[in-house]
> 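Let me begin by handing over the structure; questions about it come next.
Fair warning: this is a prediction, and the values are worked out from it, not measured in the lab. The sequence lines fix the lettering, A, B, ..., with proteins before strands; numbering per chain opens at 1. Atom set for the values below is all heavy atoms of this structure, side chains included, hydrogens, waters and symmetry mates excluded.
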Protein chains: 2
Amino acid sequence: MADTARPARTSQRRYGLRPTMKDVAARAGVGLKTVSRVVNGEPGVTPDTERRVQEAITALGFRRNDSARILRKGRTASIGLVLEDLADPFYAPLSRAVEEVARAHGALLINGSSAEDGERERELVLALCARRVDGLVIIPAGDDHRYLEPEISAGIATVFVDRPAARIEADAVLSDSFTGAREGVAHLIAHGHRRIGFIGDLPRIHTAAERLRGYRAAMEEAGLPVDGSWVALGPTDPARVRADAERMLAGRGSAGGPVTALLTGNNRVTVTAVRVLAGLERRVALVGFDDFELADLLTPPVTVIAQEPALLGRRAGELLFRRLEGAGEAPRRVVLPTRLIPRGSGEIPPYS
Amino acid sequence: MADTARPARTSQRRYGLRPTMKDVAARAGVGLKTVSRVVNGEPGVTPDTERRVQEAITALGFRRNDSARILRKGRTASIGLVLEDLADPFYAPLSRAVEEVARAHGALLINGSSAEDGERERELVLALCARRVDGLVIIPAGDDHRYLEPEISAGIATVFVDRPAARIEADAVLSDSFTGAREGVAHLIAHGHRRIGFIGDLPRIHTAAERLRGYRAAMEEAGLPVDGSWVALGPTDPARVRADAERMLAGRGSAGGPVTALLTGNNRVTVTAVRVLAGLERRVALVGFDDFELADLLTPPVTVIAQEPALLGRRAGELLFRRLEGAGEAPRRVVLPTRLIPRGSGEIPPYS
DNA sequence: CCTATTTCTGACAACGTTGTCCACTCCATT
DNA sequence: AATGGAGTGGACAACGTTGTCAGAAATAGG
C-alpha cells in the first residue's frame, strides 16, 4: 500500500532519482543502520554482511547524500571565503592557501567575490551562514560588520584577512602596511627624492589608509613637506590611476613641481603606473606595494614592498581551524611583516 | 514532558544553538508553516501576522538553515568547479567568470584544486556529488572520467572546460589549441625560422597534445623537418622548463644545430622561457601560448597566442545552466578561436 | 441570519541521514 | 542446562525545512 505513494525504485536506477540507504538496505536484505555502518566504516559488521552491502551499493550506484548527513550532524565540513576578486593576482594565491588548509582538515571551500561592494559582501556572507559553513574567512569590503555578530555568537568561526573587521572584535591576519609603506618611501628618500607621490586604493580600505599613513610618516621623519597634489586615493581602475599619475608627473597645481618618484598602493596600481612610466622620456623612480610576477624582468626591474599572500591565507586558515577546534581565546590580530625588494626602479635618482 | 528531552531554548539564544522556525513560531504564537511562508515570501499571510513573525525572527536572530531546505527541496543552488590551480593566472579569471554566471543564477560556487592529479580530481568531484551540487564545471586532470557516468545520469549537469572529458561523452568548452599553435609556428616560419623548438605541458594533457600537433602540422606544411630534440613535453615546473630550453638553445644532440625560435605551450612555460632568454646574449624568437599581464612591457614584448579564459568560463557556466534548465540535447563541444598577438618577440629573425 | 465561498492558518508527513537503544545469536563459562 | 557476555543487526526518533491538505475564520451572497 505504502508503495503506491512512491514509484518503485528499489532495483532500477532512474534519471534524477538517486538510491538511498533504504534502497541499499532493501537490496542487501539488511537494516538501514547496517548500511550506514558500512558506508561510514563503523565497526560491528560481519565481513559477509559488509560484502553484501557493498555489492548493493555498487549495483545501485549509491552515493551518500551529504545534505542529509550535514543536517543530522550539524557540521558542514565546509568553510566560506569572501574576497574582492578571485582573479586578482594578489588574492588568488591567498585563496589557494586557504583551500589547502581546508583540504587538510577535510573541508571544502565555498567562495564568492564581493567586487569591493559592502552590500554584496553582506549578502554572500549571510548566504554562507545560512548554509551553516563551519567557518568564514573574509577579506572585508564593507565598513560595518555588526551584522555578523549573531552568526559569530551562534558558532560560526570567523577570521578576517588583509583588512580588519569594522565595528566588531574578530580575528584578523594582516600585513604591516604602515611599516611597509614607510620603508618604501624612506628608500626613495634615501636615493635623493624629495617630491614623492602616492597613488593608492580607496581611502575607506584599511590597507590604503595605513599605507598612506606610512607614506606621511616617512615624509615627516625626513622633514619633507607633502603637497596635497602628491596623494591620490581612489578606485584601482586603470583610467583613474593613469590620470592621477600623469597629473602628478606633470606637476600641474603642485607647489614644488612634479614628483620624481612614486609609491603605488597595490599591485593593480603598480601595473598601471609601470605602463605610464614606460611612456615617459625621463626616468621616474617607483616603489610598488605587492610583489608581482615578472617585476624583475621589466625595464627597469620594479622595486617592491612584498607581502606573502599565500602566507596570509595559510595563517588565516590555520587560525580558523584552531577556533573550530575549540580555542575560545579573545580575538587575536596577527600582523605579518613586509619585505622591501630593491630591484632598480626604486633606486633611480631624481631627474635622471 | 517532551521539554525535558531538549534544553529549553525558546526565547534565549545560546552559543551554538540556533533558533529554528519552530522557535520562531512558538514566540510569534503562530504555526510552523506560517513562519515558513513569511521567510519565503509566500502569499497568504495577513500583514499583522507577518509583522509578528518578523519581530520574532529578529528578536531571536533566526536564519533559515539551508541544509534542511536543500534536503527537502533536492536542489542545492550551488555548483562545483574543479580545476588544476586556482592561483594560476590563466584559471583565476576563468573561475571568476564561472562564479559570475553562478551568481546570476542565484547559485554559490564551491571549488577545489586538483593539482593536476587525477585521483585528487576524482575525490573532489565525488565529494561535490555527495553534496549534490546541481552542476559541475571541470577542468579535467584525470584520463578516465567514467566514474562520473552514474552521477551524470543521476542528474548532475557537467561541463568540461579547457580540455575534453576522457572516455565519456560530455559537454566541453575548448580553445582551438591546434590552430593556435599552428598559426604561432607559421608566424615564426614566416619570419625566417627553420629550427623551432616546442616546450609544452605533460603529453597526457589534451591541450599539450593538440598544441604539439599544431606545431608539427605547421612544420610539415612548410616542409621543415622536426628534430626529436626540439620537442620537450613535461611538467611546468621552472627547473624542468629551464633545463629543456637551455638544452634546445645549446643545440646539444640536435641534428641541425640549436633552435632559433621557441613556441611555449602555456603561460607558466612562457614565463620561465622569458627568464631563460633574458639571460642570453643572442636574441631568440618566442611565441607563447596564453596572453599574460605585462607581456607587452617586456623587452622584447612577447608575441602570444591569446585565449580568453574569462570567455571559456562564461561559456561553460552558461552551458551548464542551460542544461540545468532542462535542455536535454546531445553533449555539445564548443571551440573558441585563439588570436595571435604579434608584439615583437615573435618577429625576431634567426641569429640576430 | 444562514450558507457558500474565499482567505488564512496549522498538523502532519516527508527529505536521507545518524545516534540511541534494545533484541537477538552464538559461544564460553558456571 | 542455565547464565553471562560479546558481537551483530535493526526499529525508531531525531535534524529543520517545505508540500499537502484540511480546518478555521472571514467575507460575500441569498
> Could you state the CZ-P distance from B:Arg69 to C:dG16, rounded to the nearest angstrom?
17 Å
> Hey, does the side chain of B:Ser36 come within less than 4.0 Å of D:dT18's phosphate (OP1/OP2), counting only N and O?
yes
> Would you mind reading off the distance between A:Leu71 atom CG and D:dT18 atom P, rounded to a whole angstrom?
12 Å
> Side chain of A:Lys33 only, heavy atoms from C-beta on: which candidate in D:dT17, D:dG16, D:dG10 is closest?
D:dG10
> Quick check on DNA chain D: between A:Val45 and B:Asp66, whose nearest nucleotide comes earlier from the 5' end?
A:Val45
> What class does the angle between the rings of B:His145 and B:Phe160 fall in, given that below 30° is parallel, 30 to 60° is tilted and above 60° is perpendicular?
perpendicular
> Whether A:Arg64 contacts C:dT18 is assessed here as follows: a side-chain N or O lying under 4.0 Å from the phosphate OP1 or OP2. Is that the case?
yes
> Could you tell me if the side chain of B:Val125 sits less than 4.5 Å from the side chain of B:Thr158, heavy atoms only?
no
> Rounded off to whole Å, could you give me the CZ-to-C1' distance for the A:Arg52 and D:dG9 pair?
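To the nearest whole Å, that distance equals 11 Å.
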> Looking at A:Thr49, does any N or O in its side chain come under 4.0 Å of the phosphate oxygens OP1/OP2 on D:dG9?
yes
> In whole Å, what is the span from the CZ atom of A:Arg18 to the P atom of C:dT17?
10 Å
> Any heavy-atom pair between the side chains of A:Ile139 and A:Arg163 that's under 4.5 Å?
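Touching, per the 4.5 Å side-chain cut-off.
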> Between D:dG19, D:dG16, C:dT18, which nucleotide gets closest to the side-chain atoms of B:Thr20?
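Within the option list, the nearest is D:dG16.
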> Rounded to whole Å, please give me the gap between CG in B:Asp23 and P in D:dG16.
8 Å
> Tell me which of B:Gly29 and B:Arg132 sits closer to the 5' end of DNA chain C, going by the nucleotide each one is nearest to.
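Going by which nucleotide is closer to the 5' end, it is B:Gly29.
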> On the nucleotide D:dC15, are OP1 or OP2 found under 4.0 Å from the side-chain N or O atoms that B:Asn65 carries?
no
> Heavy atoms under 4.0 Å, any strand shown: does A:Lys73 hit a base, just sugar-phosphate, or nothing?
sugar-phosphate
> Got a salt bridge between A:Asp23 and A:Arg27, using NZ or NE/NH1/NH2 to carboxylate O under 4.0 Å?
no
> For a 4.5 angstrom cut-off between non-hydrogen side-chain atoms, does A:Asn111 reach A:Tyr91?
no
> Whole-Å distance between C:dC15 C1' and B:Arg72 CZ?
6 Å
> What's B:Arg37 touching, base or sugar-phosphate or nothing? Going by heavy atoms closer than 4.0 Å.
base
> With sugar-phosphate meaning primed atoms plus P, OP1 and OP2, does A:Ser67 contact a base, only sugar-phosphate, or nothing at under 4.0 Å between heavy atoms?
nothing
> Does the side chain of A:Ser113 come under 3.5 Å of the side chain of A:Asp85 through a donor N or O and an acceptor N or O?
no
> What is the separation between atom CE on A:Met21 and atom P on D:dC15, rounded to the nearest whole Å?
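The answer, rounded to whole Å, is 19 Å.
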> How would you label the contact of A:Val30 with the nucleic acid (heavy atoms, under 4.0 Å): base, sugar-phosphate, or nothing?
sugar-phosphate
> Counting side-chain heavy atoms from C-beta on, which of C:dC8, D:dT17, D:dT8 comes nearest to B:Thr46?
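Nearest listed nucleotide: C:dC8.
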> If you pin A:Arg63 and B:Thr34 to their nearest nucleotides in DNA chain C, which one's is more 5'?
B:Thr34
> Which whole-number value in Å describes the distance from A:Lys22 NZ to C:dC15 P?
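Rounded to whole Å, this separation is 7 Å.
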